[in-house]
Protein chains: 2
Amino acid sequence: MLTADHATELGEMFRLLGDPNRLRIVASCLSQPMSVGDIADTLDLSPSLTSHHLRLLRSARLLKGTRHGKQVFYDLPDCHVRQMLTNMIEHVTEPHDVDEAITEGEDP
Amino acid sequence: MLTADHATELGEMFRLLGDPNRLRIVASCLSQPMSVGDIADTLDLSPSLTSHHLRLLRSARLLKGTRHGKQVFYDLPDCHVRQMLTNMIEHVTEPHDVDEAITEGEDP
DNA sequence: CAAACACATGAGCATGTATTCATATATCGG
DNA sequence: CCGATATATGAATACATGCTCATGTGTTTG
């Protein structure tokens with residue numbers, strides 16, 4: 001069972017990954033640490049917006065920032081999360097059929 | 001790489017799991033199909049709110065609804081998602097240390 | 001058919017949040 | 001120290017979203 005507290009905690013992480021730009025930011029740091037400027041350039045986001053998102057991701061420990069001189073590089077400290085994301089990104093590239101209707105179950 | 005479209009699609013799914021009540025609803029359907037009333041009772045949510053959330057989860061194909069007489073039972077049609085969630089729920093019960101600061105990397 | 005039950009849906013509100021613009025902080029080169 | 005570069009932060013705003021209340025739809029039973 002999932003307690004309300006754990007649902008809030010886990011939900012907070014999913015909520016952060018629920019924004020497309022934030023998800024792209026995290027994804028861009030999956031294979032190697034990325035500087036803020038490189039992330040912003042790669043994803044075509046303003047440095048300010050990128051930094052705002054990075055702050056949220058850092059607060060939730062989804063990303064970890066390491067300063068090297070003027071630049072700060074971000075990467076995923078949690079290998080469990082990294083694996084989950086790698087997995088889901090791979091999964092989302094597969095085709096799937098569409099059916100959102102309520103189906104009828106056969107009689108018992 | 002993760003395209004913007006795929007980020008939107010995957011992000012949409014994470015966004016839905018990002019609400020604690022919705023996450024609890026999905027989690028409650030992990031082991032066996034659950035009727036709307038049972039979900040609402042178990043999680044102490046109003047039937048209306050439960051149904052609103054179920055509609056969103058159904059639209060995103062995170063849950064599938066099957067009618068049996070007056071009741072509608074919901075469960076997870078995607079075993080990939082089920083496994084991911086089972087995994088993350090298990091993970092969130094483990095302890096973890098707290099460090100959201102920017103750390104200093106050693107000189108090159 | 002009518003009443004009861006289970007669920008779905010629409011409107012409305014209060015709150016949260018993604019983005020932008022302006023500004024501040026930190027680090028390095030000269 | 002000064003300017004330039006890189007990142008962070010604060011305020012303001014337009015928009016999204018969770019929730020409730022009221023009502024509608026579908027299904028079984030009398």
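Throughout, protein chains are lettered first and strands after them, A, B, ... in sequence-line order, and every chain is numbered starting at 1.
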**Complete:** Between A/Arg15 and A/Ser48, whichever has its closest DNA chain C nucleotide further toward 5' is A/Arg15

**Prompt:** Tell me: CG of B/Leu45 to C1' of D/dC19, nearest whole Å?
**Reply:** 11 Å

**Message:** Without decimals, in angstroms, what is the distance between B/Leu57 CG and C/dA8 C1'?
**Reply:** 14 Å

**Asked** Has the side chain of A/Arg82 got a donor or acceptor atom that lies under 3.5 Å from a matching backbone atom of A/Leu30?
**Response** yes

**Asked** What integer distance in Å separates A/Arg55:CZ from D/dT7:P?
**Response** 17 Å

**Asked** Whole-Å distance between D/dC15 P and A/Asp19 CG?
**Response** 16 Å

**Fill in**
Testing C/dT19, D/dC19, D/dT7 for proximity to the side chain of A/Asn21, the answer is C/dT19

**Request:** Name the nucleic acid region contacted by A/Ser35, choosing base, sugar-phosphate or nothing; use a 4.0 angstrom heavy-atom cut-off, strictly under.
**Result:** sugar-phosphate

**Prompt:** For D/dA6, does either OP1 or OP2 sit under 4.0 Å from a side-chain N or O belonging to A/Tyr74?
**Reply:** no

**Request:** Rounded off to whole Å, could you give me the CD-to-C1' distance for the B/Gln71 and D/dT28 pair?
**Result:** 12 Å

**Message:** Test side-chain contact (heavy atoms from CB on, under 4.5 Å) on A/His91 and B/Met84; report intermediate values, then the result.
**Reply:** CA-CA 11 Å; A/His91 183 231; B/Met84 183 275 277; over 6 Å; no

**Request:** Would you indicate which nucleotide in D/dT7, D/dA6, D/dT9 comes nearest to any side-chain atom of A/Lys70?
**Result:** D/dA6

**Asked** D/dG18, D/dA8, D/dT20: which one has an atom nearest the side-chain heavy atoms of B/His53?
**Response** D/dG18

**Message:** Whether A/Asp19 and B/Arg15 form a salt bridge (side-chain N of Lys/Arg under 4.0 Å from carboxylate O of Asp/Glu) is what I want to check.
**Reply:** no

**Message:** In whole Å, I'd like the distance from the CG atom of B/Leu56 to the C1' atom of D/dG18.
**Reply:** 10 Å

**Side chain of A/Ser46 (C-beta onward), nearest among C/dA18, D/dG18, C/dT20** = C/dT20

**Request:** For the pair A/Arg22 (side chain) and A/His53 (backbone), establish whether a donor and an acceptor sit closer than 3.5 Å, ignoring hydrogens and angles.
**Result:** no

**Request:** Check every atom of D/dC19, C/dA8, D/dT7 against the side chain of A/Pro47 and return the nucleotide holding the closest atom.
**Result:** D/dT7

**Request:** Let me know the distance between CD1 of B/Ile39 and C1' of C/dA8, rounded to the nearest Å.
**Result:** 14 Å

**Asked** In whole angstroms, how far is the P atom of D/dG18 from the CG atom of B/Leu16?
**Response** 8 Å

**Asked** Any idea which of C/dA18, C/dT9, D/dT9 is nearest the A/Arg22 side chain?
**Response** C/dA18

**From D/dT27, D/dA8, C/dA8, nucleotide with atom closest to A/Ser51 side chain** = D/dA8

**Asked** So A/Phe73 and A/His68, would you call those rings parallel, tilted or perpendicular, with 30° and 60° as cut-offs?
**Response** perpendicular

**Prompt:** Does the side-chain ring of B/His52 sit on the six-membered ring of the C/dT9 base, less than 5.5 Å centre to centre and under 30° in tilt?
**Reply:** yes

